[in-house]
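Below is one structure, written out as structure tokens; comments come after it.
Quick note: residue numbers are just sequence positions, from 1. If you're wondering where the values come from, they're calculated on a predicted model, not measured in any experiment. All values below were derived from every heavy atom in this structure, side-chain atoms included, with hydrogens, water molecules and symmetry-related copies excluded.
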Amino acid sequence: MYQPYPTSGGMPEPQRPPIPNSVQTAVRLMYAGAALSLIELIVGLTTIGSVKSAIQKADPSYSASQVHSLEVEAVAIGIVVGLISIGLWLWMARASASGHNYARITGTVFFGLNTLFLLLSLARPHAGLGLIFNILVWLAGLGAVIMLWRGESGAWFSPPRP
């Protein structure tokens with residue numbers, strides 16, 4: 001018998017439901033978190049001069065060489081942490097948009113860590129602008145986590161069924 005369109009004999013791939021609005025909102029919030037983290041990094045780089053005075057104020061007995069070393073370390077750590085933060089936001093946004101369940105879990109863990117770091121930063125002296133960005137980034141994370149765990153989001157993160 002002639003078959004004009006041969007098939008592989010396998011079942012067709014199950015169709016994934018359309019991405020829910022709650023997940024789309026979460027992804028947008030994650031991209032906003034990445035943008036806010038980038039702005040926070042840029043603002044931090046523009047205020048590098050305040051690092052030196054903060055180090056000198058914390059311990060006036062440091063030599064000029066020690067102050068410089070601590071200043072370089074603080075700036076390098078700030079840049080690395082800022083870039084990692086931006087990368088994590090982008091990774092979680094893409095993974096969530098693709099429906100990977102690990103993104104909900106990992107993103108929630110990252111939000112918990114961000115909450116801890118925000119609370120720790122409140123206990124230290126800080127610049128007002130830096131604190132504002134920390135809170136805005138935290139709010140973006142809070143919104144994203146809430147949206148990822150809404151009931152309508154569950155089907156998106158479940159494997160498609162035949």
Side-chain angles (χ1 to χ4, degrees), residues 5-51 54 58 72-162:
Y5 300 103
T7 63
S8 63
M11 294 294 293
E13 287 288 321
Q15 294 296 319
R16 170 163 244 146
I19 186 168
N21 288 334
S22 58
V23 176
Q24 288 177 343
T25 301
V27 169
R28 285 187 199 107
L29 286 167
M30 289 179 209
Y31 283 126
L36 286 167
S37 294
L38 177 62
I39 294 168
E40 184 178 19
L41 177 62
I42 292 168
V43 168
L45 290 175
T46 61
T47 59
I48 287 177
S50 65
V51 173
V72 169
E73 278 181 40
V75 169
I77 289 170
I79 290 171
V80 169
V81 168
L83 292 174
I84 288 172
S85 174
I86 294 166
L88 290 175
W89 278 112
L90 295 175
W91 174 41
M92 289 297 100
R94 289 187 182 120
S96 296
S98 297
H100 297 289
N101 192 45
Y102 72 82
R104 290 199 305 175
I105 298 164
T106 307
T108 303
V109 170
F110 289 152
F111 174 71
L113 291 171
N114 191 13
T115 300
L116 178 65
F117 293 138
L118 177 65
L119 293 173
L120 290 173
S121 75
L122 292 174
R124 296 178 298 175
H126 49 272
L129 190 58
L131 179 61
I132 290 170
F133 276 105
N134 284 341
I135 291 171
L136 289 174
V137 168
W138 183 85
L139 287 171
L142 175 64
V145 167
I146 289 171
M147 290 292 128
L148 288 176
W149 289 101
R150 290 189 59 160
E152 65 195 70
S153 301
W156 179 250
F157 293 104
S158 299
R161 297 202 163 111

Which donor-acceptor pairs under 3.5 Å do the side chains of residues 38-45 make with protein atoms, sequence neighbours left out?
none

Sequence neighbours excluded, the answer for salt bridge (charged side-chain N to carboxylate O under 4.0 Å, His left out) partners of E73 is none
What pair of heavy atoms forms the shortest contact from [X] to [Y], and how long is it?
X	Y	answer
N134	S121	ND2-OG, 3.9 Å
G107	V145	O-CG2, 4.2 Å
S96	V23	O-CG1, 3.8 Å

Determine the sole option in I79, I77, V72 for which the side chain to side chain contact (heavy atoms under 4.5 Å, CB included) test with V75 is passed.
I79
Would you give the length of the straight line joining atom CG of N114 to atom CG of L142, rounded to the nearest 0.5 angstrom?
10.5 Å
Enter the distance from I105:CD1 to M92:CE here, rounded to the nearest 0.5 Å.
10.5 Å
With sequence neighbours left out, what residues match [X] under side-chain contact (heavy atoms from CB on, under 4.5 Å)?
X	value
A95	H100, Y102, A103
F117	L113, L120
T47	S50
T25	R28, L29, M147

With [X], which residues qualify under side chain to side chain donor-acceptor pair (under 3.5 Å), at least two apart?
X	answer
N101	R104
T108	W149
T115	W138
W89	S37

Got a sec, which pairs hit salt bridge (charged side-chain N to carboxylate O under 4.0 Å, His left out) with one end in residues 131-153, sequence neighbours left out?
R150-E152
Got a sec, which pairs hit salt bridge (charged side-chain N to carboxylate O under 4.0 Å, His left out) with one end in residues 106-118, sequence neighbours left out?
none
Main-chain N/O of L148 paired with W156 side-chain donor or acceptor, under 3.5 Å
no
